[in-house]
Undergrad: 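Encoded as structure tokens, here's the structure I'll be asking about.
These numbers were taken from a predicted model, which means no experiment stands behind them.
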Amino acid sequence: MTERRDFIKKSLIGSAALAIGGTGFSAKSYASILGANDRLTVAVIGISGRGTDHISRFCGIKDSHNVRLKTLCDVDEKFWEAGTKTVQDKTGIKPIMEWDMRKIFDDKEIDAVSMATPNHWHALGAIWAAQAGKHVYVEKPCCHNVWEGRKMIEAARKYNIRMQVGFQNRSIPNVMEAMKFLHDGGIGDVFMARGTCIKPRDSFGIAKDSEPPASLHYDRWLGPAAYRPYNEKRSHYNWHWFWDTGNGDTGNQGPHQFDIARWGLNKNEHPVSIYSTGGFYGVDPKECAQETPNTQTSLFKYEDGKMLEFETRGRYSNGESGLDIRVGNIFYGTEGYLELNNSTWRAFRQRETKPFAGSEETSSQAADPTFRAAAGGSEHYVNFVDAIRGGKDSLLHCDINEGFYSTTLPLLANISYRVKRELHFMGGDMNNEKFINDPQADMLLTRVYRPPYVVPNEV
């Protein structure tokens, strides 16, 4: 097995050093000129589901990085009590509760926001935050459609704020090690990457439209999405399975493995061809309201011919490879292949059946608090804090530009699935992120926004 490379240790030590170092950089907003010893005041927007992890992580790094979680925001007040209790239990301080995120943006004391809303709110919420001078940690996928993701990049650059995307694998040492191994030619030239999302999901049923619960500010929950009557089967968590608000499991769990696949291929560009097919299997569609597929196969090809495959299986299935990968990646190179399952990886040379390289956690690493924190997932949030204090986008492990290129992959796959054909993409900058001679597919690169929740052309 290979020894853990020095670059990982240096990366983690560098992050820790940034947290206590000085600044000295220019910035356009109060939030951008924090000194290392200044308190960083944070708000979490969207506090159920993934939001519970955001709350715990920011509370957990408070002592070492001088972070204060001041405010929690959710449009459904039924989650307020649990969120308040979590913050009080972890910090001893009662947070302020809000349902209107605009009050967060108006609060001059708040330096950064953490967005764990449904997907259809990611872009507009992040852009509003940037316009208010707030740094942004935004969950994956960073956007609900391709066009608005480009606007997020423009907003982050225009207002000089740090915008981190929640691809936490970018901060896990074993994954970082595997990627460096690939980039250093460990299995030769990597010509194909495969990602898997094998998560059996049962039917969530159907329900009649009804009045929204008194605790839910429903118009605000809908936000940019088209108006439709409230339905409990389209709301909390189930919003993932409807095109207006979610992106299916290909765009839910999938983005993490899409990100690793693109990272391993070392591709900082869009693919030129996309084909995705599938359907809704194993569940009677008359007994489940889901719109998105539960089984989907997607294939991408880059300009140089390298390929990315992705498999989404929402019913019963075997795992893949010797690691029984269900949510993970496999890379194929000219000299061998590499399997990555969570943070465990191993590489095989040509036809050999025993790995010649892979991850290994030694007893000294297990005793290292920095390594333990990284393995626990907190350091992606720590990295966000460090980059704010350092004042440079380059310090982020997953800057919005990086997160955008990974997010577009499942979004493009879904467009191919919906129009039922192979698509050819121009890629590049904001002026030609569109399909070749395909106005029907181009329409799905954006959406019709419901006023006043409109992502502007000029951010």
Side-chain angles (χ1 to χ4, degrees), residues 115 117-131 136 138-158 163 165 219-228 234 239-248 250-252 254-255 258 269-276 291-293 298 300 400-459:
M115 300 283 300
T117 62
N119 296 358
H120 69 293
W121 258 109
H122 287 180
L124 185 58
I127 290 168
W128 281 355
Q131 290 172 333
V136 180
V138 60
E139 263 302 333
K140 56 74 199 166
C142 69
C143 50
H144 184 255
N145 64 66
V146 173
W147 178 82
E148 66 184 16
R150 177 59 63 183
K151 296 301 168 182
M152 295 171 75
I153 297 172
E154 292 176 13
R157 302 301 183 249
K158 180 176 180 178
M163 192 177 290
V165 180
D219 181 78
R220 185 58 55 83
W221 185 89
L222 279 176
Y227 178 81
R228 63 177 66 246
R234 299 181 70 102
W239 55 260
H240 281 294
W241 321 126
F242 297 92
W243 295 120
D244 278 355
T245 51
N247 307 94
T250 296
N252 172 33
F258 273 107
E269 60 194 74
H270 295 301
V272 294
S273 72
I274 307 102
Y275 179 69
S276 185
E291 292 178 348
T292 60
S298 305
F300 308 80
I400 180 60
N401 189 66
E402 196 81 49
F404 171 69
Y405 276 104
S406 293
T407 292
T408 56
L409 290 167
L411 300 183
L412 293 172
N414 281 338
I415 294 174
S416 174
Y417 170 84
R418 295 177 74 179
V419 301
K420 297 180 171 59
R421 60 177 174 273
E422 181 180 359
L423 300 173
H424 299 278
F425 199 56
M426 294 179 67
D429 61 27
M430 63 178 293
N431 295 313
N432 62 4
E433 278 174 338
K434 58 184 180 180
F435 297 102
I436 297 175
N437 300 323
D438 200 329
Q440 181 191 16
D442 283 341
M443 290 178 63
L444 295 176
L445 291 170
T446 185
R447 74 181 306 156
V448 176
Y449 292 90
R450 187 174 69 95
Y453 308 106
V454 179
V455 173
N457 286 312
E458 296 291 333
V459 296

Undergrad: Between Glu291 and Trp243 (side chain of the first, backbone of the second, donor and acceptor by atom type, cut-off under 3.5 Å), is there such a pair?
TA: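 Such a contact is found between Glu291 side chain and Trp243 backbone.
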Undergrad: Determine yes or no for a side-chain-to-main-chain donor-acceptor pair under 3.5 angstrom, with Thr408 supplying the side chain and Tyr405 the backbone.
TA: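 Yes, Thr408 side chain to Tyr405 backbone: donor-acceptor pair under 3.5 Å.
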Undergrad: What is the distance from atom CD1 of Ile400 to atom SG of Cys143, rounded to the nearest 0.5 Å?
TA: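 Ile400 CD1 to Cys143 SG: 7.0 Å, rounded to 0.5 Å.
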Undergrad: Considering only heavy atoms from C-beta outward, does the side chain of Phe435 approach that of Gln440 to under 4.5 Å?
TA: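 No; the side chains remain at least 4.5 Å from each other.
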Undergrad: Please round to the nearest 0.5 Å and tell me the distance separating atom NE2 of His240 and atom CG of Asn119.
TA: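 One gets 6.0 Å once the value is rounded to the nearest 0.5 Å.
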Undergrad: Do we see a donor-acceptor contact under 3.5 Å between the side chains of Asn252 and Lys140?
TA: yes
Undergrad: Identify the heavy atoms of Val136 and Ala129 that sit nearest to each other, and give their distance.
TA: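 Minimum heavy-atom separation between Val136 and Ala129: CG2-CB, 3.6 Å.
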Undergrad: Considering all heavy atoms of both residues, which atom of Gln131 and which atom of Val459 are nearest to each other, and what is their separation?
TA: NE2-O, 2.8 Å
Undergrad: Between the side chain of Arg450 and the main-chain N/O of Ala226, is any donor-acceptor distance below 3.5 Å?
TA: no
Undergrad: Determine whether Glu148 and Lys151 satisfy the following criterion, salt bridge (Lys or Arg N to Asp or Glu O under 4.0 Å), listing intermediate values before the conclusion.
TA: CA-CA 5 Å; Glu148 66 184 16; Lys151 296 301 168 182; over 6 Å; no
Undergrad: Which residue, Arg228, His120, His144, forms the side chain to side chain donor-acceptor pair (under 3.5 Å) with Asp244?
TA: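 One option only clears the test, and that one is Arg228.
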Undergrad: Minimum heavy-atom separation for Trp121 to Leu222, with atom names?
TA: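 Scanning both residues completely, I find the closest heavy atoms to be NE1-C, 4.2 Å.
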Undergrad: If you measure from CE on Met426 to CG on Asn432, what distance do you get to the nearest 0.5 Å?
TA: 4.5 Å
Undergrad: Mind checking whether Phe404 and Val146 have side chains closer than 4.5 Å, heavy atoms only?
TA: yes
Undergrad: For a quick test of reading the model, state the closest non-hydrogen atom pair linking Gly403 to Val165 and the distance between them.
TA: CA-CG2, 3.9 Å
Undergrad: Determine yes or no for a side-chain-to-main-chain donor-acceptor pair under 3.5 angstrom, with Asn414 supplying the side chain and Asn247 the backbone.
TA: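 Yes, the answer is positive, given that a donor and an acceptor are paired below the 3.5 Å cut-off.
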Undergrad: Nearest 0.5 angstrom please: Met163 CE to Met152 CE, how far?
TA: 5.0 Å
Undergrad: Are Pro224 and Val455 close enough that some pair of their side-chain heavy atoms sits under 4.5 Å apart?
TA: no
Undergrad: Drop me the distance from Asp442's CG to Glu433's CD, to the nearest 0.5 angstrom.
TA: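 These two atoms lie 11.5 Å from each other.
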Undergrad: Check whether any side-chain heavy atom of Tyr453 lies under 4.5 Å from a side-chain heavy atom of Asp219, and answer yes or no.
TA: yes
Undergrad: Looking at Ser416 and Ser276, what are the two nearest heavy atoms and their distance?
TA: OG-N, 2.9 Å
Undergrad: Has the side chain of Ser273 got a donor or acceptor atom that lies under 3.5 Å from a matching backbone atom of His424?
TA: no
Undergrad: Between Ser298 (side chain only) and Ala413 (backbone N and O only), is there a donor and an acceptor less than 3.5 Å apart?
TA: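 No, because the side chain of Ser298 does not come within donor-acceptor range (under 3.5 Å) of the backbone of Ala413.
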Undergrad: In Å, rounded to the nearest 0.5 Å, how long is the span from CG of Leu423 to CD1 of Ile436?
TA: 10.0 Å
Undergrad: Please give me the minimum heavy-atom distance between Arg234 and Trp221, naming the atom from each residue.
TA: O-CH2, 3.4 Å
Undergrad: I need the single residue from Tyr275, Phe425, Phe258 that forms a ring-ring contact (aromatic ring centres under 6.0 Å, His included) with Phe300. Which is it?
TA: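 Exactly one candidate clears the test, Phe258.
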Undergrad: Which word best sums up how the rings of Trp147 and Tyr449 line up, parallel for under 30°, tilted for 30 to 60°, or perpendicular for over 60°?
TA: tilted
Undergrad: Contact between Val454 and Leu124 at the side-chain level, heavy atoms closer than 4.5 Å - yes or no?
TA: no
